[in-house]
**Student:** 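This is the structure I want to talk about, given as structure tokens.
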Amino acid sequence: MATVAVPQLSGYHRPAVLDWIMTVDHKRLGILYLYFTLFFFAVGGILALLVRTQLAVADNSFVGNDAYNQIFTMHASAMLFLFIIPVWAGFGNYLVPLQIGAADMAFPRINALSFWMLPPAGILMFAGFIVDGGAADGGWTAYSPLAQQTGVGMDMWIIAVIVLGMSSTIGAANFLVTMFRMRAPGMTMFRMPIFCWTMLVTALLQLLATPVLAAALVMLFIDRNYGGQFFDPNGGGNVVLWQNVFWFYSHPAVYIMILPGMGIVSEILPVFSRKPLFGYKAFVFATIGIGGLGFSVWAHHMFTTGSVLLPFFGFMTFMIGVPTGVKIFNWLGTLWGGSISFPTPMLFAIGFVSMFLIGGINGTYSAAVPVDFALHDTYFVVAHIHYVLFGGSVFAVFGGLYYWFPKIWGRQLNERLGKLHFVLMFVGFNVAFFPMHMLGLDGMPRRIAVYADSAGWEALNMLSTGGAFLIAVSMIPFLIAVVMAFMRPKDQPDDPWEANTLEWATTSPPPDYNFDSLPPVRSERPLFDARHGDEAH
Amino acid sequence: MLGMPLRRRLRLFVATVTAALLALLATGTASAIQPRGITDEAHLMNDLFWIVTIAGLVVFGLVGAALVYAMIRYRRQNDELPPQFHGGGKIEAAMVGVPVLIVIGLFTISMIILVQIDDKAQDEALTIDVTGFQFSWQFAYNLNDLGTNTDPNAEGTIAVIGTPANDPILYMPVDEPVEFLLKSNDVIHSFYVKDFLYKLDLIPGRVNSFTVTARETGDFSAQCAELCGTNHALMRFTVRVVERDEFDAWVAAEAARQLGDGALVSTSGTQGD
């Protein structure tokens, strides 16, 4: 009796770990991005607590001066390069194909490559702590010539940032092609969800600006290791050149870090106001305007170098206030006349609007050139960036997590714990960062490891440190809510919030291929149209 | 406001009062902290600071009040769908117009003040050569460039050099323009005197300069404002603004100590310690 080998179709199951490592599914990659970035949010947060502990009292010796420089440098590097920039790629990966009604990103394998460049870069950057001379300690701005003096940790930092930049550049190309080529039938550009628009402008900024940073970093690497003299005046180089090239990337990067957050808030506010976003097109043009102006304001970080055309950069910096102001009106107009409920995602979205308002207003101080002479490089500026990047971006990250958690994981986060999380974080944030305005006005420079008792900065610093620990405490209810959610079965319906956009037109979580069928797309709110038909137009 | 029902008026009142209180709180703390400055230039910058602050508080008050009002007034009370308002031409034009006006106004005022503080020093102004190094300062005075009381025939330079453990003191006379030349040979530093409301970077390969006229005597703490390495935080110094004759006496004493007797050809101050 002869036996014939029959090919087995169902005998082999890849272990789940391999499944995650080899996946090219945009949703799984999105989730990997979120896990990775939230991990580094925790790492950066712990470093921030070390900074705040050191500064809590005058003349403190909790950490040494060298260690302090490494800690704040790595705090900023982790938060900017390993958390806030890639976290938007995480949300974008998960949401953009769903929101435009596509089955996946345009280039799924490149998408996987973008993600898998992050862990080695993160490890390389943080491995600086175990090499001779320690981690990078020249600030995340790595100003030359200081950046020439430090140990090999700096080289590791440079390579890590170049790799992270490559990841975000190819990711950006992927997002652009996806949005231009793969929208569902009926979804014109002006019917795209607003989060997609903000991802589109972000991707454009990344594509245009990130290679400039790579060029600067390569020059710095050559200067450090091969005797290059790009930034060395003794060899005919120019010290300020580094700042020009660095900020040519890093100012647009500020918008890379905030625009998708604005997009998330502009998804949440209409849903819980039960109204469309007020001035959709104005919002889109304002986003494009911020992106464009973002390329012409870099030297406002350099007003005190004495080598900047002050009136031009002062003017352009003020002009950024116009599209930013438009957005504040968009959000207010959306709330106005609505029927507003306040579940946790909405609290974070309104928290974003109010804190970003402060972050916009305290930014005008730096646009007014003579005032910037006083406030530049003081804690006032530290307050400003945290009102924009924490009060803005981080509140949007948590708003987005609470809002899309039912979609991504099929479970709801506990509302009471969410509200507790919001209140603690909102209070902790303001206690931590509002006093920094006063410290800056009172002359406390940023990036100092110690201050004298006679300076009189201790009380406000102690207050700020208390706020920082309150922010850390606010993460406890969040983590409990996550654990509780994962202990429950997946019970969420397609559309638990009565939302507007296509990601809610499929199961929670969606199947591998995303959609069984798509509703017709006749406006920027296809699900609203499906629910309410013509009654409300 | 008169035609509104009482509850609505009450809500508007609560929102306005909340915003006003917050604004008042911010103003109070800012005025308590913000140094007025001790130079002519600082006084101008301080004026601009308050213009920006008032504009910012007005914006914050109005937007904050509108936000709080909307949250109270338009909270969900039933399942009825609110009017689906998408926006409109006039309102959207105002959305652009209002920020444009604010921004152009603030920009114009800043530029007027910038031009005023950026006046270059007269040749005869006292010049202080400031060199920053890791991690302290050197302040050098050329004896034939001492401002109103200069002997053009004097020769030599006196210098004050600090260490991280021993902050140097920068002497300057009150009521006359003083020009600072800023240099560095290692990394970037920043010359930051809080009470000047001003800082300017010391950059290897270039010389930066600025001029101020101090109007108050006294000791004012100052420090490096650009991260420059391990002991950046210890790169502190004191600016000591003194009357002219006290300054001359200090110069004479330092010249005698550093250059030996007779270095100063003539001076109104007393020589020796």
Side-chain angles (χ1 to χ4, degrees), chain A residues 65-66 69 139 143 145-146 149 233 238-240 274-276 278-280 282 304-306 310-311 314-315 318-319 321-322 325-326 328-329 332-333 335-341 353-354 357 361 364-365 368-371 373-374 376-377 438 441-443 445 447-450 455 532 536-537, chain B residues 29-30 33-35 44-45 48-49 52 56 59-60 63 66-67 70-71 74-76 81-87 91-92 95-96 98-100 103 106-107 110-111 113-114 117 186-188 190 192 194 197-201 203-206 208 221 223 225-233:
Chain A
N65 293 355
D66 269 325
N69 289 352
Y143 274 14
L146 180 64
Q149 293 184 343
N238 185 334
V239 170
V240 183
R274 308 182 71 216
K275 276 181 64 207
F278 178 81
Y280 171 99
T304 64
T305 59
L310 299 172
F315 182 73
F318 269 122
M319 287 309 287
V322 174
V326 169
I328 299 274
F329 279 117
L332 267 183
L335 294 170
W336 207 264
S339 169
I340 307 171
S341 51
V353 174
S354 56
L357 173 67
I361 291 170
T364 54
Y365 287 81
V369 177
V371 176
F373 289 153
H376 179 73
D377 268 333
M438 276 85 108
L441 291 174
D442 199 25
R447 296 174 166 178
I448 55 170
V450 287
H532 296 283
H537 275 280
Chain B
T29 43
I33 295 284
Q34 163 80 341
L44 288 166
M45 286 186 262
L48 180 60
F49 172 85
V52 175
V59 171
F60 180 77
V63 177
L67 190 65
M71 284 165 60
Y74 299 112
R75 69 188 184 282
R76 185 167 178 169
L81 205 58
Q84 298 297 297
F85 191 59
H86 287 262
I91 304 180
E92 284 182 30
M95 279 162 54
V96 180
V98 172
V100 164
V103 152
L106 286 177
F107 170 74
S110 346
M111 282 305 115
I113 288 177
L114 180 64
I117 61 174
D186 43 35
V187 299
I188 304 173
S190 193
Y192 175 35
K194 174 180 74 177
L197 301 187
Y198 190 77
K199 67 177 67 64
L200 190 61
D201 295 349
I203 296 174
R206 62 175 281 135
N208 275 331
S221 59
Q223 73 184 101
E226 181 67 62
L227 176 67
C228 59
T230 308
N231 289 328
H232 164 57

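Letters A, B, ... mirror the listed sequences (proteins, then strands); counts begin at 1.
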**Student:** Is A:Ile328 in contact with chain B via its backbone, its side chain, both, or neither, using a 4.5 Å heavy-atom distance?
**Tutor:** side chain
**Student:** B:Asn231 versus chain A, heavy atoms under 4.5 Å apart: side chain, backbone, both or neither?
**Tutor:** both
**Student:** Can you say whether A:Ile448 sits under 4.5 Å from chain B via the side chain, the backbone, both, or neither, judging by heavy atoms?
**Tutor:** both
**Student:** Counting only non-hydrogen atoms closer than 4.5 Å, does B:Leu227 touch chain A with its backbone (N, CA, C, O), its side chain (CB onward), both, or neither?
**Tutor:**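 Both parts, backbone and side chain.
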**Student:** I need the B:Cys228 SG to A:Arg447 CZ distance, nearest 0.5 Å.
**Tutor:**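 Here the rounded value is 11.5 Å.
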**Student:** Would you mind reporting whether A:Ser354 and B:Leu67 have side-chain heavy atoms less than 4.5 Å apart?
**Tutor:** yes
**Student:** Among B:Val52, B:Leu197, B:Ile117, whose side chain to side chain contact (heavy atoms under 4.5 Å, CB included) with A:Pro370 holds?
**Tutor:** B:Ile117
**Student:** Most heavy-atom pairs under 4.5 angstrom with chain A, which of B:Gly229, B:Ser190, B:Ser221?
**Tutor:**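 Option with the top pair count is B:Gly229.
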**Student:** Highest number of heavy-atom pairs under 4.5 Å with chain A: which of B:Val63, B:Asp186, B:Leu44?
**Tutor:** B:Val63
**Student:** Can you tell me which portion of A:Phe315 sits under 4.5 Å from chain B's heavy atoms? Options are side chain, backbone, both or neither.
**Tutor:**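 Both the backbone and the side chain of A:Phe315 come within 4.5 Å of chain B.
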**Student:** With rounding to the nearest 0.5 angstrom, report the CE to CG distance, B:Met111 to A:Leu310.
**Tutor:** 6.5 Å
**Student:** A:Ser339 and B:Arg76: which non-hydrogen atoms are nearest, and at how many Å?
**Tutor:**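 Reported closest heavy-atom pair: OG-CG, 3.1 Å.
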**Student:** Taking side chain as C-beta onward, heavy atoms only, is A:Asp377 less than 4.5 Å from B:Tyr192?
**Tutor:** no
**Student:** Measure the OG1-CG distance between B:Thr230 and A:Asn65 for me, rounded to the nearest 0.5 Å.
**Tutor:** 7.0 Å
**Student:** Measuring only between side-chain heavy atoms, which start at C-beta, is A:Val322 closer than 4.5 Å to B:Val96?
**Tutor:**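 Of all side-chain heavy-atom pairs linking B:Val96 with A:Val322, at least one is under 4.5 Å.
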**Student:** Which heavy atom of A:Lys275 sits nearest a heavy atom of B:Pro82, and at what distance?
**Tutor:** CG-CG, 3.9 Å
**Student:** Where on A:Leu335 is there a heavy atom nearer than 4.5 Å to chain B: the side chain, the backbone, both, or neither?
**Tutor:** both
**Student:** Below 4.5 Å, heavy-atom pairs only: which of A:Gly321, A:Ala282, A:Gly325, A:Ala455 has the largest tally toward chain B?
**Tutor:** A:Ala282
**Student:** Find the one option among A:Pro233, A:Pro445, A:Pro276 whose heavy-atom pairs under 4.5 Å with chain B are most numerous.
**Tutor:**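 Going by pairs under 4.5 Å, I would pick A:Pro276.
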**Student:** Please find the pair of heavy atoms, one from B:Ala233 and one from A:Val450, that lie closest to each other, and give the distance.
**Tutor:**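 Between these two residues, the closest heavy atoms are CB-O, 3.5 Å.
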**Student:** Flag the one option from A:Leu357, A:Val369, A:Thr364, A:Val240 with the top tally of heavy-atom pairs under 4.5 Å to chain B.
**Tutor:**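 Highest number of pairs under 4.5 Å: A:Leu357.
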**Student:** Over all heavy atoms of both residues, which pair between A:Phe318 and B:Ser110 is shortest? Give the atoms and the distance, please.
**Tutor:**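 Heavy atoms of A:Phe318 and B:Ser110 come nearest at CE1-OG, 3.5 Å.
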**Student:** Could you go through the side-chain contact (heavy atoms from CB on, under 4.5 Å) check for B:Glu226 and A:Thr304 one step at a time?
**Tutor:** CA-CA 10 Å; B:Glu226 181 67 62; A:Thr304 64; 5.7 Å; no
**Student:** With the side chain counted from C-beta on, respond yes when B:His232 and A:Asn69 share a heavy-atom pair under 4.5 Å apart, and no when they do not.
**Tutor:**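 They are not in side-chain contact.
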**Student:** Mind checking the NZ-CZ spacing from B:Lys199 to A:Phe373? Nearest 0.5 Å is all I need.
**Tutor:** 10.0 Å
**Student:** Between B:Phe85 and chain A, which part of the residue has a heavy atom less than 4.5 Å away: side chain, backbone, both or neither?
**Tutor:** both
**Student:** Which value, rounded to the nearest 0.5 Å, describes the distance between B:Arg75 atom CZ and A:Ile340 atom CD1?
**Tutor:**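 Here the interatomic distance stands at 10.0 Å.
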**Student:** Return the orientation label for the A:Tyr365 and B:Phe49 ring planes: parallel under 30°, perpendicular over 60°, tilted otherwise.
**Tutor:** tilted
